[in-house]
Amino acid sequence: MKKFDENYVLLEEMYKDEYYPNFLVDKVKAEIQKVIDLLESGESDVEVIQKKFDEITCAINDLQDEFDETDSEIETVARDCIGVTVDYILHWFNIPIDVEEAIRERDW
């Protein structure tokens, strides 16, 4: 099984930006890690992978209220950062899903 790039820092831009509380970025990261875990297990069925992306995207959607409560939000920088991270994961594991399709359930 292929392991994820140990040198890649997930959501690096969000962690560097004080606008995003680290404990909430940690929650987004935990959701993204679920996809990485699935892919590291050797899963290659595109439908199964897309279903997992849909699940984690909906879970990230559900964090928006928590971001609001801390005077933050999933806005341009966060959207781009999450998208870049998902795109990197897709390319790293050679998954033939477009990044926009992968996070199609987003409402941010």
Side-chain angles (χ1 to χ4, degrees):
M1 278 17 99
K2 184 174 184 177
K3 292 291 183 190
F4 187 63
D5 183 355
E6 64 185 37
N7 297 312
Y8 187 81
V9 179
L10 296 172
L11 307 172
E12 185 173 16
E13 292 303 313
M14 288 179 74
Y15 279 113
K16 287 182 177 179
D17 191 330
E18 293 180 13
Y19 181 67
Y20 307 104
N22 282 348
F23 80 95
L24 288 175
V25 180
D26 288 344
K27 290 182 179 188
V28 174
K29 180 181 175 182
E31 292 303 322
I32 291 172
Q33 186 63 49
K34 292 175 185 178
V35 171
I36 294 171
D37 293 345
L38 176 70
L39 296 171
E40 286 182 335
S41 78
E43 183 61 64
S44 61
D45 183 318
V46 174
E47 289 184 26
V48 171
I49 296 166
Q50 181 61 60
K51 183 177 183 210
K52 181 56 77 178
F53 271 113
D54 290 345
E55 289 172 10
I56 68 113
T57 302
C58 289
I60 293 169
N61 290 345
D62 292 343
L63 294 173
Q64 290 186 99
D65 286 342
E66 287 186 68
F67 275 91
D68 287 342
E69 290 167 8
T70 61
D71 295 323
S72 184
E73 64 180 301
I74 301 175
E75 46 73 70
T76 306
V77 172
R79 284 192 300 267
D80 290 347
C81 184
I82 294 167
V84 166
T85 298
V86 167
D87 190 52
Y88 190 89
I89 292 165
L90 291 167
H91 283 91
W92 181 264
F93 288 102
N94 297 313
I95 305 301
I97 301 174
D98 179 75
V99 66
E100 291 298 321
E101 183 68 13
I103 54 176
R104 65 187 179 192
E105 293 295 326
R106 73 186 179 286
D107 59 12
W108 28 268

What heavy-atom pair brings [X] and [Y] nearest, and what distance separates the two atoms?
X	Y	answer
Glu31	Ile56	O-CG2, 3.2 Å
Gly83	Ile103	CA-CD1, 4.3 Å
Glu105	Asn61	O-ND2, 2.8 Å
Pro96	Val46	CG-CG2, 3.9 Å
Ile97	Ala102	CG2-N, 3.7 Å
Met1	Ser41	SD-O, 3.3 Å

Once rounded to the nearest 0.5 Å, what's the spacing between atom [atom1] of [X] and atom [atom2] of [Y]?
X	Y	atom1	atom2	result
Asp5	Ile89	CG	CD1	10.5 Å
Ser72	Gln64	OG	CD	10.5 Å
Asp26	Leu11	CG	CG	9.5 Å
Ile49	Ser44	CD1	OG	6.5 Å
Glu69	Leu63	CD	CG	10.5 Å
Lys52	Glu55	NZ	CD	4.5 Å

Any heavy-atom pair between the side chains of [Y] and [X] that's under 4.5 Å?
X	Y	answer
Phe67	Ile60	no
Glu40	Phe93	yes
Leu90	Phe53	yes
Leu10	Tyr88	no
Leu24	Val28	no
Tyr8	Thr85	yes
Trp92	Ile36	no
Asp87	Val84	no

Original post:
Would you call Glu100 and Arg104 a salt bridge, taking side-chain N to carboxylate O under 4.0 Å as the test?
Top reply: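 Here Glu100 does not pair with Arg104 in a salt bridge, since their nearest N and O are not under 4.0 Å apart.
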**OP:** Kindly determine whether Phe4 and Asp37 satisfy side-chain contact (heavy atoms from CB on, under 4.5 Å), including the steps that lead there.
**Re:** CA-CA 9 Å; Phe4 187 63; Asp37 293 345; over 6 Å; no
**OP:** For the pair Glu66 and Lys27, evaluate salt bridge (Lys or Arg N to Asp or Glu O under 4.0 Å) and give the outcome as yes or no after the intermediate values.
**Re:** CA-CA 10 Å; Glu66 287 186 68; Lys27 290 182 179 188; 2.6 Å; yes
**OP:** Answer yes if Val9 and Val25 sit in the same cluster of Ile, Leu, Val, Met, Phe, Trp and Tyr residues linked by side chain heavy atoms under 4.5 Å apart, and no otherwise.
**Re:** no
Subject >> Steps toward side-chain hydrogen bond (donor to acceptor under 3.5 Å, both in side chains) verdict (Asp54, Gln50) >> reply: CA-CA 6 Å; Asp54 290 345; Gln50 181 61 60; 2.8 Å; yes
Original post:
Going by distance alone, is a donor N or O of one side chain under 3.5 Å from an acceptor N or O of the other, for Tyr19 and Asp71?
Top reply: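 Their side chains do not contain a donor-acceptor pair, so the 3.5 Å distance test is not met.
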**OP:** Could you walk me through whether Ile82 and Met14 pass side-chain contact (heavy atoms from CB on, under 4.5 Å), step by step?
**Re:** CA-CA 9 Å; Ile82 294 167; Met14 288 179 74; 4.2 Å; yes
